[in-house]
Protein chains: 2
Amino acid sequence: MAAALPNDRLGFLLSFRGELTGARIRAALGVAGLHPRSVMTLMQLASGATSQRDLAAAMEIDPSQLVAILNELEGQGLAERRRDPADRRRHIVEITETGAAALERVDTAVNAAERELFGGLTDAEQALLRSLLDRVVVDPTGHDCGAE
Amino acid sequence: MAAALPNDRLGFLLSFRGELTGARIRAALGVAGLHPRSVMTLMQLASGATSQRDLAAAMEIDPSQLVAILNELEGQGLAERRRDPADRRRHIVEITETGAAALERVDTAVNAAERELFGGLTDAEQALLRSLLDRVVVDPTGHDCGAE
DNA sequence: TATTGTTATACTCTATAACTATA
DNA sequence: TATAGTTATAGAGTATAACAATA
């Protein structure tokens, strides 16, 4: 018997809709002329200044990848690196006022994107969708399923 | 004011859960030792034989990308190419019996993955999630969101 | 001249390891 | 010796253009 078609499967549906939603969100993140990864970094920095090591850990990326992102952000005046006087190996990374302003423009664009994506759902339905999604993939531990 | 944090936004939640779900599904697709793209190709071929051009169009990938996928599938005996006698430019692509058997193993693995992902939800809740997801991104006009 | 499949090229992303400067 | 940041290199994935065979 034929295997179930992708479009009939809830897992595929969630994966594909998530991909479309991600693409729409990423397009909104680009309003400030920034890469999505740069915006995600600014969002992290908005919570407070940190070292590059901690920042990379929070974003779950390798510290070496963060270098290029921060170079770009610093070149655009959206973030700043300065040496930690207490440990001169460390960089303290901070968002600038310009960076915070860019983040606000991005925020407005993301709000618009979400209205567009979820505008067909009532507030109650959006809350329901959120609660259902929160109960998916509840236990990612156990199998790393080496998709290598 | 500070921008909303990613985790507070339904768009980010859907995107991230979709990504996790996709990773779990792709791991399941790998049970037959195949790349996800190869499995997706076999799934398309299960609907019937086509030319490479039509197959690429159905999968929304470039025909040149399909070449490597079919080389792999043919090398493993899971699909076959033969010239179309009516138009010798064309290749007719078909799934083999071995390919169909591999697809069934994959199907079983995907079923298991979906039980794992959505097992915390009742059947009614799964149906609800499906219907809510179907109503997201209902109007991609203006943006190029052409999934299916 | 147009179309089908193929090859070649280039660009992005990512993962990893080696290097520097500090501790 | 260990750590923070940086640089360099290689791999996967993808997008595009050029190409040969056929119509």
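Each chain gets a letter, A, B and so on, in the order the sequences are listed, and its residues count up from 1. Just so you know, these numbers come straight off a predicted model, no measurement behind them.
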Under 3.5 Å donor-acceptor pair, R90(B) side-chain atoms to dT4(C) base atoms: no

Rounded distance in Å - CD (E19(B)) to C1' (dC13(C)): 14 Å

Distance in angstrom units between D84(B) CG and dT22(D) P, rounded: 13 Å

Presence of H91(A) side-chain N/O under 4.0 Å of dT6(D) phosphate oxygens OP1/OP2: yes

Student check: side-chain heavy atoms of V93(A) and E80(A) closer than 4.5 Å: no

Separation of dT3(C) P from L55(B) CG (nearest whole Å): 20 Å

Candidates R81(A), R90(A), H91(A) - the one meeting side-chain hydrogen bond (donor to acceptor under 3.5 Å, both in side chains) with S51(A): R90(A)

Sugar-phosphate only, base, or nothing, as touched by D62(B) at under 4.0 Å among non-hydrogen atoms: base

Sugar-phosphate, base or nothing in reach of R81(A), heavy atoms under 4.0 Å: sugar-phosphate

Residue met sooner reading DNA chain C from 5', once Q65(B) and R53(B) are mapped to nucleotides: R53(B)

Between P of dT3(D) and CG of D54(A), the distance in whole Å: 14 Å

Gap between atoms CZ and P, on R37(A) and dT14(C) respectively (whole Å): 7 Å

Atom pair distance, as rounded to whole Å: CD1 in I61(B) and P in dT14(D): 9 Å

Main-chain N/O of G120(B) paired with R135(A) side-chain donor or acceptor, under 3.5 Å: yes

Base of dT3(D) paired with side chain of R89(A) (donor-acceptor, under 3.5 Å): yes

Distance, rounded to the nearest Å, where D87(B) contributes CG and dA23(D) contributes P: 6 Å

Main-chain N/O of F118(B) paired with Q126(B) side-chain donor or acceptor, under 3.5 Å: yes

dT16(D) base / S64(B) side chain donor-acceptor hit below 3.5 Å: yes

L34(B): which of T41(B), L29(B), L103(B), L78(B) passes side chain to side chain contact (heavy atoms under 4.5 Å, CB included): L78(B)

For atom CG of N71(A) and atom C1' of dG5(D), their distance in whole Å: 11 Å

